[in-house]
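One structure below.
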Amino acid sequence: QAQMIALSTCWNSGRYRDGEHVIAEIAELGFEAVELSHGLKLSMADGLLDGLKKHPQLKVSSLHNFCPMPATIMVDDPNAYEFSSGSPAEQERALTATRQTCEFAQQIGVTRVVLHLGSIPIPEPEKELKRLIFAGRHETEPYQRLLDDARRERERLAPLAWQNVRKCLPVLAEMAEMFGVTFGLENQPRFTDFPLPHELHNVFSEYPEDQFQFWLDVGHAQIQDFMGFTPLSHWQEEFGHRLLGFHLHDVRFPCFDHQYPGLGDSNWDQLRLDKYPDTVKIWELNPNVPRYMIEEGRQEMIELAMHGPKK
């Protein structure tokens, strides 16, 4: 069983109007698999299916909610509708769009769907934290105070939004059963986003792993680590046994993510990528990474994903 290493369509979907070109380019680059990400418009769905038929060697590793993007969302935004929203109408839209993603997954025979759980509607502490980082005051007393304040504030205001998320979980669990998919709950870059580790534990203690697993975005985890929140290795220590997939990208300190590997400051050796041969690994690169870099570096990207950095 070869490892499945994929490239996400987030790298090229904005450049084409037709889904077939998106698939053709990723097949040309020599990847064995593709993740169909958010940002694929509904009008591209038929082209995507045609592309996959024309390139039968290209497997689809996973879909990233919402895929295809509902016609009502004008910009590429996976958080356009949130499960955490206090508005029942928005929750309903989030669930409907997720159901459509699951239908599309079933249609193309995909069992993994990456999911964002939402966020807490409070100001992000990162703005102030970055101000201090860029002023070279990262390891100071005021920075520590800001971190502590952010933790307290989040703890105080999370429960309400988390209740909204919890209302959606039984509906999502039912979808997982109905469409034969497993949801990968993805960690996020902002401290005000769900889930933090204790929130994931909350879901996993109540639902079986064929419905919900963890999806580790290594760049998002690295940002949280750089900012001083959850340490990078903590996610795998806690959830390594329940890991559905990885999103891979490099991060330039403190928060510039989706970089080509080697152009950032990420601690690749902490990720123990060699320990997860059965977990899909998806390169999620910024659209401004030039094609020639991926062409020339594909083998190195695959090696890094499979074995971690060269010793």
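Just so it is clear, the values below take in all heavy atoms, side chains as well, and ignore hydrogens, waters and symmetry mates. These figures come from a predicted structure and were not determined experimentally.
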(Q) Can you tell me how far apart NZ (Lys167) and CG (Leu172) are? Round to the nearest 0.5 Å. (A) 14.0 Å
**Q.** Gap separating the CD atom of Glu126 from the OG1 atom of Thr192, nearest 0.5 angstrom
**A.** 6.0 Å
Q.
Check the orientation of Tyr16 and His21. Use parallel for under 30°, tilted for 30 to 60°, and perpendicular for over 60°.
A. parallel
Would you indicate whether the side-chain heavy atoms of [Y] and [X] approach each other to under 4.5 Å?
X	Y	value
Leu196	Arg154	yes
Asp225	Trp235	no
Tyr143	Ile133	yes
Trp11	Trp283	no
Pro125	Glu153	no
His258	Glu284	yes
Leu285	Met293	no
Leu304	Pro309	yes

What are the two closest heavy atoms between [X] and [Y], and how far apart are they?
X	Y	value
Val251	Ser266	N-OG, 3.0 Å
Phe239	Pro197	CZ-O, 3.4 Å
Glu90	Ala80	OE2-O, 3.8 Å
Phe226	Pro254	CD1-O, 3.5 Å
Thr101	Asn65	OG1-OD1, 2.9 Å
Val110	Ser62	CG1-CA, 3.7 Å

With hydrophobic residues grouped by side-chain heavy-atom distances under 4.5 Å, do [X] and [Y] end up in a single group?
X	Y	result
Phe83	Val114	no
Leu243	Met4	no
Phe31	Leu273	yes

Under the 3.5 angstrom rule, does the side chain of [X] hit a backbone N or O of [Y] as a donor-acceptor pair?
X	Y	result
Asn164	Ser84	yes
Asp257	Gly219	no
Arg291	Leu29	no

Q: Could you please spell out the steps behind the side-chain hydrogen bond (donor to acceptor under 3.5 Å, both in side chains) verdict for Asn79 and His116?
A: CA-CA 7 Å; Asn79 306 312; His116 291 187; 2.8 Å; yes
Q: State plainly whether the residues Arg152 and Glu155 are in salt-bridge range, i.e. N to O under 4.0 Å.
A: no
Q) Is the number of heavy atoms from other residues, nucleotides or ligands within 6.0 Å of CD (Glu174) greater than 12? A) no
Q) Mind checking what makes side chain to side chain contact (heavy atoms under 4.5 Å, CB included) contact with His241, not counting sequence neighbours? A) none
